[in-house]
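Each remark here refers to the structure printed beneath this line.
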Amino acid sequence: QVQLQEWGPGLLKPSQTLSLTCAVYGDPITASGYWWSWIRQPPGKGLEWMGVITYEGMTHYSPSLNSRASISRDTSKNQLSLQLSSVTPEDTAVYYCARVYVRSSWCGMDYWGKGALVTVSS
């Protein structure tokens with residue numbers, strides 16, 4: 001069974017950089033056929049896909065966050081990282097990491113972490 005766990009500072013001030021880590025257990029993040037994604041959900045709003053890193057280490061980001069978001073990985077620790085620069089209160093959300101099951105014509109997110117709440121406030 002695959003398990004994911006997110007953690008990082010839960011409170012930030014505007015203009016700071018958000019930094020979260022996702023530890024993956026039960027499956028190497030370099031395994032073929034799977035990508036690893038970050039998703040967030042602001043209070044009272046829907047899920048927002050932020051970006052993904054492939055098993056090859058290539059990254060793709062939501063256009064709205066492309067200039068601020070950065071996803072990386074540490075294969076020796078089997079961990080994912082998310083950085084989001086210049087945060088504002090609108091970045092307050094529960095942040096999730098999830099595994100992406102990739103096929104030629106479709107994909108799905110089959111395993112999710114429990115989420116980490118990040119609050120941006122003065």
Legend entry - Shortest non-hydrogen contact between V87 and K13, atoms and distance: CG2-O, 3.6 Å
Legend entry - Pair listing, disulfide (SG to SG under 2.5 Å) test, anchored in residues 23-122, at least two apart: C22-C97
Legend entry - Single-linkage hydrophobic cluster, 4.5 Å side-chain cutoff, W36 and Y61 together: yes
Inset, instruction - Please answer whether the main-chain N or O of A23 pairs with a side-chain N or O of Q79 as donor and acceptor at a distance below 3.5 Å. - result: no
Inset, instruction - Would you confirm whether S81, through its side chain, and I71, through its main-chain N or O, come within 3.5 Å as a donor-acceptor pair? - result: no
Inset, instruction - Check for a donor-acceptor pair, side chain of R103 on one end and backbone N or O of G108 on the other, with a separation under 3.5 Å. - result: no
Inset, instruction - Is it possible for you to say whether V118 and I39 belong to one hydrophobic cluster, with membership spreading through side-chain heavy-atom contacts below 4.5 Å? - result: no
Legend entry - Pairs satisfying ring-ring contact (aromatic ring centres under 6.0 Å, His included), at least one member in residues 67-86, at least two apart: none
Legend entry - Those residues that, when tested against W35, pass side-chain hydrogen bond (donor to acceptor under 3.5 Å, both in side chains) (two or more places apart): none
Legend entry - Where A93 and P43 come nearest, the two heavy atoms and their spacing: CA-CD, 4.3 Å
Inset, instruction - Spell out, as yes or no, whether a donor-acceptor pair under 3.5 Å connects the side chain of S37 to the backbone of G51. - result: yes
Legend entry - Joint cluster assignment, V24 & V52, ILVMFWY side-chain distance < 4.5 Å: no
Inset, instruction - Would you mind telling me which of L20, L47, L65 makes a side-chain contact (heavy atoms from CB on, under 4.5 Å) with R40? - result: L65
Legend entry - Y111 six-ring face occupied by R99 cation (under 6.0 Å, within 45°): no
Legend entry - N78 side chain vs Y25 backbone, donor-acceptor pair below 3.5 Å: no
Legend entry - Value rounded to 0.5 Å, distance of CE in M50 from CG in L82: 4.5 Å
